Amino acid sequence: MNRNTTTRRTTTRRTAVAAALALALGLGVTAQASAGAPRSVSGKPSDNVTRIADFYGAYIDAVTDADDGGRLANALRGHYLSAGFQKELAAWEAKEHANGVLRAQNVPLAWKVTDNGTADYTEAVVTLTWGGGETTRLVVDMDGGHKIFHIGTKGVAGK
């Protein structure tokens with residue numbers, strides 16, 4: 001092997017290593033920038049779908065962080081659920097031995113609320129995501145006074 005061949009190989013290796021390093025750093029910066037992009041959530045207190053999403057978000061947090069003996073979860077029920085529905089829910093829970101708001105004994109990892117549309121009241125689909133990626137679909141109905149009056153697998157209109 002002569003000296004020119006050795007120099008050429010060394011230069012080629014250095015160039016390849018430098019190119020790989022530049023490529024790796026470039027991709028790392030791109031991945032970091034896109035992963036750190038700001039997120040936003042918006043809503044209006046006059047919008048029932050926002051209120052349903054707010055209720056489920058706060059309720060799931062309260063049940064997950066139940067350091068207060070469930071007082072916050074009960075207060076949220078009192079604020080967001082109609083009085084008649086609170087009684088109906090208590091009866092359902094006694095019979096089913098599960099949380100009536102979540103229709104489960106566990107707490108979901110995530111939730112999504114989608115407007116399902118109606119005229120005289122608001123109907124929304126709440127999708128709860130559990131461990132393993134399984135989902136449960138609930139239909140939640142809210143009246144014009146911003147009170148939830150039904151939670152079930154079908155809406156009060158039978159959709």
Side-chain angles (χ1 to χ4, degrees), residues 20-159:
L21 182 59
L23 182 60
L25 289 175
L27 290 175
V29 170
T30 302
Q32 184 177 18
S34 65
R39 297 177 20 183
S40 65
V41 176
S42 63
K44 302 184 289 188
S46 61
D47 178 58
N48 279 352
V49 174
T50 298
R51 285 186 170 258
I52 292 168
D54 290 346
F55 169 66
Y56 268 87
Y59 187 81
I60 289 168
D61 286 349
V63 173
T64 300
D65 305 335
D67 298 337
D68 66 350
R71 286 191 309 269
L72 179 55
N74 287 333
L76 289 166
R77 285 177 177 231
H79 181 76
Y80 284 95
L81 308 180
S82 72
F85 185 60
Q86 288 179 58
K87 291 177 186 171
E88 186 180 321
L89 204 57
W92 185 93
E93 289 173 332
K95 179 182 173 193
E96 300 295 330
H97 305 288
N99 184 308
V101 171
L102 304 174
R103 299 293 162 134
Q105 294 176 335
N106 302 0
V107 181
L109 301 175
W111 65 96
K112 180 172 92 171
V113 178
T114 307
D115 188 357
N116 208 26
T118 54
D120 299 333
Y121 60 93
T122 301
E123 185 171 281
V125 175
V126 177
T127 305
L128 304 174
T129 303
W130 309 92
E134 297 174 28
T135 61
T136 301
R137 181 182 172 270
L138 300 174
V139 180
V140 178
D141 295 299
M142 182 177 267
D143 63 27
H146 306 302
K147 295 290 184 181
I148 293 172
F149 65 92
H150 173 264
I151 298 172
T153 56
K154 293 184 178 189
V156 293
K159 289 184 181 178

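The shown structure was predicted, so the numbers you read here are calculated from the model rather than taken from an experiment.
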Here the gap from Gln105 atom CD to Glu93 atom CD, rounded to the nearest 0.5 Å, amounts to 11.5 Å
Return all side-chain donor-acceptor pairs below 3.5 angstrom for residues 54-64, not counting sequence neighbours, or 'none' if the list is empty.
residue : atom : partner : partner atom : Å
Tyr56   : OH   : Val101  : O            : 2.8
Tyr59   : OH   : Arg77   : NE           : 3.2
Tyr59   : OH   : Arg77   : NH2          : 3.0
Tyr59   : OH   : Asn99   : OD1          : 3.3
Tyr59   : OH   : Asn99   : ND2          : 2.8
Thr64   : OG1  : Ile60   : O            : 2.7

Checking Lys95 side chain against Ala90 main chain: does a donor-acceptor pair fall under 3.5 Å? no
All N/O donor-acceptor pairs, side-chain side in residues 38-47, below 3.5 Å, sequence neighbours left out:
residue : atom : partner : partner atom : Å
Asp47   : OD2  : Thr50   : N            : 2.9
Asp47   : OD2  : Thr50   : OG1          : 2.8

Judged by atom type as modelled, is there a donor-acceptor pair below 3.5 Å linking the side chain of Asn48 to the main-chain atoms of Gly144? no
Straight-line distance of Asn74 CG to Gln86 CD, nearest 0.5 Å: 9.0 Å
Looking only at heavy atoms, the pair that brings Gly155 and Asp141 closest together is CA-OD2, 3.5 Å
Residue pairs passing the ring-ring contact (aromatic ring centres under 6.0 Å, His included) test where at least one lies in residues 125-146, sequence neighbours excluded: none
Just by distance, do the side chain of Glu123 and the backbone of Val139 share a donor-acceptor pair under 3.5 Å? no
From CZ (Arg137) to NZ (Lys112), nearest 0.5 Å: 11.0 Å
Nearest-0.5 Å distance, CG of residue Leu89 to CZ of residue Phe149: 14.0 Å
Mind listing the closest non-hydrogen atom pair of Pro108 and Leu102 along with its distance? CD-CD1, 3.9 Å
What I'd like to find out is whether the side chain of Leu138 reaches to under 4.5 Å of the side chain of Arg103, using heavy atoms alone. yes
Which atom of Met142 lies closest to which atom of Ile148, heavy atoms considered: CE-CG1, 3.5 Å
Hey, are the side chains of Ile52 and Val126 touching, using non-hydrogen atoms and a 4.5 Å cut-off? yes
Any side-chain heavy-atom pair from Ile151 and Trp92 closer than 4.5 angstrom? no
From Trp111 CH2 over to Thr129 OG1, what is the distance, rounded to the nearest 0.5 angstrom? 10.5 Å
